[in-house]
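Here is the structure we will look at, set down as C-alpha cells.
Chain identifiers are assigned alphabetically (A, B, ...) following the order of the sequence lines, protein sequences preceding nucleic acid strands; residue numbering begins at 1 within each chain. Just the heavy atoms: all of them, side chains too, but no hydrogens, waters or symmetry mates, feed the values below.
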Amino acid sequence: MSLWRRIRAMEFWHELLLVGLLAGLLAGAWYFEQARDAEFVSWETQANLSSHMWEMALLTIPLTLIIITGGIDLSVGATMSLSAVTMGLAWRGGVGVWPAVGLALAVGLAAGSLNGAMVVFFRVHPLIITLATMSAYRGVAEGLIGAEPVSGFPAGFEALAEPLVAGVPPAGVLFVVLAAAAWVLLGRTAIGRELRAIGYNETAARFSGVAVARTKLLLYATSGLVAAVAAVLFVARRDTAKADVGAGLELAAITAVVLGGASIFGGRGRILGTVLGVLLLHEVRSLVAWRWNRDELTFIIVGALLILSVLVHSVLTRRKS
Amino acid sequence: MYRWPRVLLVTASLVSIALSGCERPKDEQAQEDSDSGSAKTLRICFLPKKKGSPYFTSCAAGAKRAAEELGNVELIYDGPTDGSAAKAADMVDSWALQKGDVICVSASNPTVQARAMLKAADKGVRVITWDADTPAEARDFFVNQATEQEIGYALVDALARDIGGQPPVGEVAIVAADPSAANQNAWMKHMKVRLAEKYPRLNLVVVKFPGEDQKKAQQQTRDLLAAYPNLKGIWGISSVSFPAAAEAVLQSPWAGKVYVTGLSTPNVMKKYVVPADSSQPAVVKSVVLWSTEDLGYLTIRAAAALAQGTLKKGDKTFDAGRLGTKQIVGDNILLGKILVFTKDNIEDFDF
C-alpha cells in the first residue's frame, strides 16, 4: 500500500510541476504581450490556436493506455495518413462524403487491429511491430494517392472544423469526452487496474487471470480507430487528403504522454498528466511561433522540457529508495 | 518524507526562467515602436516551404535586403524546419491572428495552405504567394520566378550551347520525375516547341519518369545511356533527377561525352561543374535557375506595395526598386530573370 501511495504522491508532484509551468508560461505571455494588438492570452486567440492541437491530443488518450501496458504505437501518424487517403480517394471516386468517412474509420480500425493482432501473436515488442506498420501504412498511402491531393470537400463536411462550443471545434469536445472516459476507465474500473498490472508484470498479470491478449488487441484497435477520427477531422479542417496527413504526429503524441509523467516501461501514467502534457506542449509551440517565429527554437524547448520531466522523476525516485 | 520544498523551488525557478524569457522581446518591441516614429510599420510574414534549406535561405537574404531598403517593414521569416505542410498552415493561422499586414507563402501543399490563407484573408490580412503557387482564389498575387515558357526555352538553349556545333546535332533525352507534375509537363511542352523551332537537328529520343526517387533516376539514366549510345545530352528537370542523372553519367564510360543540364541550386551541382579532381571530366556545363535572392527581394517589395495600396489588381507593371520595372501578367508578377550557372560563375554563389 505504501508503494501505491508513494507513486501517487510522485505523480501528484509531477502534475503540479506541469501546472506550474503552464501557469508560468501563460502568466508571462499575458504580462509581456499586453502592448501588442492581439493578445496571446485571450480566449479568442487560444480557442483559434487550439484547433492545431486536437488531432494530436486525441491520439494521446489511447496511447497513454497503451504505454501504461508497457507498449507503444508508432503507427498512429501513418494510420491517419492511410485513413485520410482512403477517404479522399473514396470521395473522389464518387462515394458520398459520409460513406467515405465511414470507410476511413473502418480502415483505421483495421490498421489498428492488425497492429494489435501482430503484437499479440508474434510476441515481439510493439515498438518493432508498429515501426514496421508505420512505414508500411505510409508507403501504401503514398502509393495510393500519388502527387495530387484530394480537395474541395462539401461545406456540410467541413462544418466539422467550425467552432461548436465557445469557439472550440467538435474535435475539442470529443477530446474532453474521450479523456473523461479514459480517466474513469483507468481510475475507477477493474480494467484500469488490469492495464497497470500488464505494464508492471505481464506474466504475473496473465497468471492472475487478466485477458492480456484481448485487452491488447482492443487497445491497438482503438488507437487505430481514434487515429482515423483524427484524420477525418484534419481533412475537414484543412480541406486536403494527402499522404502527408499526420506526418510526425506520432512523435508529438508520445512526447506529450511522456511529458505527462507516463513511464515508457509501463505501469505508470495518468490521464490528467497526459492532458497537462498535451496542453503544455501545445502552449510552448504556439507561444514560440507567436512571439519568436523560430521553428528551430520549438524543438529545443520541447527537448529541454522532456529532459526536465524525466529528471524530476529520477530525482524523486532516487530520494525515496 | 518528501523533499517537496525542493520540487517547489525547481518549479519556481522554472517559472521565473519562463518569465524572464518573455522579457527581452518586449524591450525590443518597445524599441521598434520608438524607432519607427510616425510612419506605419508594415508587418510582413515570409513563409518558405522548408526553413533552413539553402534555396530558401538565399531567398530570405533577398527578402531581408528589401525590408532594409524599405525601412518601414518588420520582416518575419519563419517556416517549418521539417517541411511539414500542416505546420506551415498553422504558422499562417498564427500570423493571421496577430493581424499582420501581408503574409507571403511558398506553398508546399497548395490546398492545405490555401485553406489557412483564405481564413487569414477573412481577418483582413493580405496574402500573396511566391515560388510555389496555390489556387488563385486564396491569394491576391503570385510572385512568379519565371514563366513555364522561359524555363523550357532556357533549358533547351543551355543544352544546345553545351553540346555545341553550328547547328547542334545529336540525340537528347529527358529524365523527368512524376508524370503528373503539372509544372514539369508544361516545361516539357515548351522545350519541345523550342527544339522544333530552333534546334531541328537535336532529336529528342525518350522521356523517362522515375518519380522523385534518386536511385530510380540514376538507374533509368544508366539504362538510357546503354540504349542510346549516340546520346549527346540529358535534361534532368527536377531537383532530384538532375543530380541523379549527372551522377549516373559521371560513373559511366560516357562521362565527358554526354552533357547533363537541368534545374538545381549551385551548391548541389558544383562538384559536377567544377570537379574537385581535375582529371575527371565535367559532366555538367550549365545549371539553370533563377536568382533566388531577387525572388525574395521582389516578393517583399510587392507585399509592401500591396499593403500601401500602390500595387492593385489589374496593374500591368510594378516598380520593384533595385530590380527595375517588372511585368505583371494576369495576377502573376514576373521575376523573369533566368540565371545560368557555369564554371565561370558558379563559385560566386553559395546556396
Checklist entry - Once you round to the nearest 0.5 Å, how far does NE2 of A:His52 lie from CE of B:Met91? => result 10.5 Å

Checklist entry - Which heavy atom of B:Arg115 sits nearest a heavy atom of A:Ala236, and at what distance? => result NH1-O, 3.9 Å

Item to check | Min side-chain heavy-atom separation A:Thr298-B:Lys87 under 4.5 Å | outcome: no

Checklist entry - How many angstroms lie between atom CH2 of A:Trp292 and atom CG of B:Asp78, to the nearest 0.5 angstrom? => result 13.0 Å

Checklist outcome for this item: Highest number of heavy-atom pairs under 4.5 Å with chain B among A:Asp244, A:Thr240, A:Val150 belongs to A:Thr240

Item to check | Trace of the side chain to side chain contact (heavy atoms under 4.5 Å, CB included) decision for B:Lys51 with A:Glu296 | outcome: CA-CA 9 Å; B:Lys51 194 182 185 185; A:Glu296 51 275 33; 3.1 Å; yes

Checklist entry - Has B:Lys216 got more than 12 heavy atoms of other residues, nucleotides or ligands less than 6.0 Å from its NZ? => result no

Checklist entry - Side chain, backbone, both or neither: which part of B:Ser84 has an atom under 4.5 Å from a heavy atom of chain A? => result neither

Checklist entry - Which residues in residues 106-114 of chain B have any heavy atom lying under 4.5 Å from a heavy atom of chain A? => result B:Asn109, B:Thr111, B:Val112

Item to check | Contact residues of residues 57-67 of chain B (partner chain A; heavy-atom separation under 4.5 angstrom) | outcome: none

Checklist entry - Rounded to the nearest 0.5 Å, how far does CD of B:Gln98 lie from CG of A:Asn293? => result 6.5 Å

Item to check | Lys/Arg-Asp/Glu bridge criterion (N-O < 4.0 Å) met for B:Lys50, A:Asp295 | outcome: no

Item to check | Heavy-atom pair count under 4.5 Å with chain A, highest-scoring of B:Gly52, B:Pro80, B:Cys45 | outcome: B:Pro80

Next on the checklist: Less than 4.5 Å to any heavy atom of chain B: does that hold for the side chain of A:Phe234, its backbone, both, or neither?
Outcome noted: side chain

Next on the checklist: Per the salt bridge (charged side-chain N to carboxylate O under 4.0 Å, His left out) rule, what does the pair list look like for residues 42-58 of chain A, sequence neighbours excluded?
Outcome noted: A:Glu55-A:Arg237

Checklist entry - When heavy-atom pairs shorter than 4.5 Å are enumerated against chain B, which of A:Gly248, A:Gly152, A:Ser151 gives the highest number? => result A:Ser151

Checklist entry - What salt bridge (charged side-chain N to carboxylate O under 4.0 Å, His left out) pairs are there with at least one residue in residues 13-31 of chain A, not counting sequence neighbours? => result A:Glu15-A:Arg270

Item to check | Note, B:Asp90 side chain near A:Arg238 side chain (heavy atom, < 4.5 Å) | outcome: yes

Checklist entry - Side chain, backbone, both or neither: which part of B:Ile76 has a non-hydrogen atom closer than 4.5 Å to chain A? => result side chain

Checklist entry - If you count heavy-atom pairs under 4.5 Å with chain A, which of B:Ala86, B:Ala89, B:Ala85 comes out on top? => result B:Ala89

